[in-house]
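To start, the structure under review is shown below, and the notes come after it.
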Amino acid sequence: MAQSGTDLAEGKVKTYKGETETTSFTAGDTIKVVAAPTATGEAPQKAAARLRGEPGAGQMALYVGNTLVSSQAVDAGADGTYTMTISASDVLTLGGVEPNGGPITLTAKFVGNDNMADGEETATVSITAVAKAERDGEPLGYFYTSGLNAALLDKNNEGAVFTLLKDVTYEEESQGLEIKINCTLDLNGKTIRSKGEYAPALSTYNGTTVTIQGEGTVISEQGRGFYVGGTFTSSGEGYSGVYVRGKLIVTG
């Protein structure tokens, strides 16, 4: 039987957060991409050359531009569709694209088999991130609010530079930004704000060396707050502007 062309027309590649179809994600989300290629019944176009490590015949994988970003290629499910998952942070890090801007194009590429030829189609998504981490100029990851807190507790991120990309707001009583590793926090002109009474907006802990750089604001609406730039404020009655449990060095 002659090989057929492959149809991956617009609408045949869809993106989901869980079971909800959407194109809007945060850096902490997992993006699920579902593609449904079908045979055209016509002769295929000539296949493009493939690189080593790319998916094999009958498989599909995700790309940003020409960069493979999905961790592994997938085979078709029982219904003939291909389901691929990737963390939104990996799309940014591996794909070399920035969050909080225009749409990001994901390309689902199908590798031809005996029945159908190579084919590809795109889906566009947006990804929001409040911070990124780098070490020695190499990206470690992008984070949304809860993921940023987890990253600042993770010893694997020792020595990293965390740069805020958007304002960070903590709504819950016991939430603020906690740093328990040796690192640099670049406020990058952004604001860290806590609204609860029981946690400072920004905390560092004994045994850590933390460098805070860049213009920015740290505000607690009810509890202890921290502001880099010469002023330390708290609007909570009976609280100081800065509560230090370890050693604080301020320069500049």
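Just the heavy atoms: all of them, side chains too, but no hydrogens, waters or symmetry mates, feed the values below.
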*asked:* According to side chain to side chain donor-acceptor pair (under 3.5 Å), who are the partners of Asp29, at least two apart in sequence or on a separate chain?
replied: Lys17, Thr26

*Hey, what do you get for OG1 (Thr23) to NZ (Lys14), rounding to the nearest 0.5 Å?*
13.0 Å

*Using the salt bridge (Lys or Arg N to Asp or Glu O under 4.0 Å) rule, take Glu121 and Lys109 through it: C-alpha gap first, then chi angles, then the decisive distance, then the call.*
CA-CA 7 Å; Glu121 186 52 68; Lys109 292 187 179 183; over 6 Å; no

*Checking Asn188 side chain against Thr163 main chain: does a donor-acceptor pair fall under 3.5 Å?*
no

*Evaluate side-chain contact (heavy atoms from CB on, under 4.5 Å) for Leu185 paired with Ile192, printing each intermediate quantity in order.*
CA-CA 12 Å; Leu185 175 64; Ile192 301 171; 4.3 Å; yes

*Give the intermediate values and the outcome of side-chain contact (heavy atoms from CB on, under 4.5 Å) for residues Ile86 and Val69.*
CA-CA 8 Å; Ile86 185 171; Val69 295; 3.6 Å; yes

_With salt bridge (charged side-chain N to carboxylate O under 4.0 Å, His left out) as the rule and sequence neighbours excluded, what pairs involving residues 72-85 come up?_
none

*Are any side-chain N or O atoms of Thr22 and backbone N or O atoms of Ser24, one a donor and one an acceptor, separated by less than 3.5 Å?*
yes

*Kindly compute the distance separating OG1 (Thr211) from CD1 (Ile179), expressed to the nearest 0.5 Å.*
10.0 Å

_Whether the side chain of Ser70 engages the backbone of Leu62 through a donor-acceptor N/O pair (distance < 3.5 Å, no angle test) should be reported._
yes

*Shortest non-hydrogen contact from Val210 to Ile181?*
CG2-O, 3.8 Å

*Group every Ile, Leu, Val, Met, Phe, Trp and Tyr by side-chain heavy-atom contacts under 4.5 Å, then state whether Val161 and Val130 land in the same group.*
no

*Could you tell me which non-hydrogen atom of Ala35 sits nearest to which non-hydrogen atom of Met84, and how far apart they are?*
CB-CE, 4.4 Å

*Check whether any side-chain heavy atom of Pro99 lies under 4.5 Å from a side-chain heavy atom of Leu165, and answer yes or no.*
yes

*Side chains of Leu164 and Lys166: does their closest heavy-atom pair fall under 4.5 Å?*
no

*asked:* The criterion is side chain to side chain donor-acceptor pair (under 3.5 Å); which residues satisfy it with Asn182, sequence neighbours excluded?
replied: Glu158

*Drop me the distance from Thr191's OG1 to Ile219's CD1, to the nearest 0.5 angstrom.*
5.5 Å

_Any donor-acceptor pair under 3.5 Å from Asp167 side chain to Lys190 backbone_ = no

*Tell me, do Thr122 and Val13 make a side-chain contact under 4.5 Å, heavy atoms counted?*
no

*asked:* Under a 3.5 Å distance rule, please check whether Asn100 uses its side chain to pair with a backbone N or O of Ala129 as donor and acceptor.
replied: yes

*Between Leu177 and Leu152, is any pair of side-chain heavy atoms under 4.5 Å apart?*
yes

*According to the salt bridge (charged side-chain N to carboxylate O under 4.0 Å, His left out) rule, which pairs have a member within residues 135-153, sequence neighbours left out?*
none

*asked:* Just verifying a value: how many Å separate Ser87 OG and Ile31 CD1, rounded to the nearest 0.5 Å?
replied: 8.0 Å

*Are Ile104 and Ile127 close enough that some pair of their side-chain heavy atoms sits under 4.5 Å apart?*
yes

*After noting the C-alpha distance and the side-chain angles of Val33 and Thr83, does the key distance pass the side-chain contact (heavy atoms from CB on, under 4.5 Å) rule?*
CA-CA 6 Å; Val33 182; Thr83 300; over 6 Å; no

Tabulate below the donor-acceptor pairs under 3.5 Å that side-chain atoms of residues 141-149 make, not counting sequence neighbours, or state none.
{"residue": "Asn149", "atom": "OD1", "partner": "Tyr170", "partner atom": "OH", "Å": "2.6"}
{"residue": "Asn149", "atom": "ND2", "partner": "Gly176", "partner atom": "O", "Å": "2.8"}

*Heavy atoms, side chains only, cut-off 4.5 Å: are Ile212 and Leu202 in contact?*
yes

*Mind checking whether Val34 and Tyr16 have side chains closer than 4.5 Å, heavy atoms only?*
yes

*Are Glu134 and Leu140 close enough that some pair of their side-chain heavy atoms sits under 4.5 Å apart?*
no

_Gap between atom CD of Gln213 and atom CG of Leu187 - 0.5 Å precision_ = 8.5 Å

*Where Ala61 and Leu68 come nearest, the two heavy atoms and their spacing*: CB-CD1, 3.6 Å

*Mind checking what makes side chain to side chain donor-acceptor pair (under 3.5 Å) contact with Lys180, not counting sequence neighbours?*
none

*Rounded to the nearest 0.5 Å, what's the gap from SG on Cys183 to CZ on Phe162? Could you check?*
5.5 Å

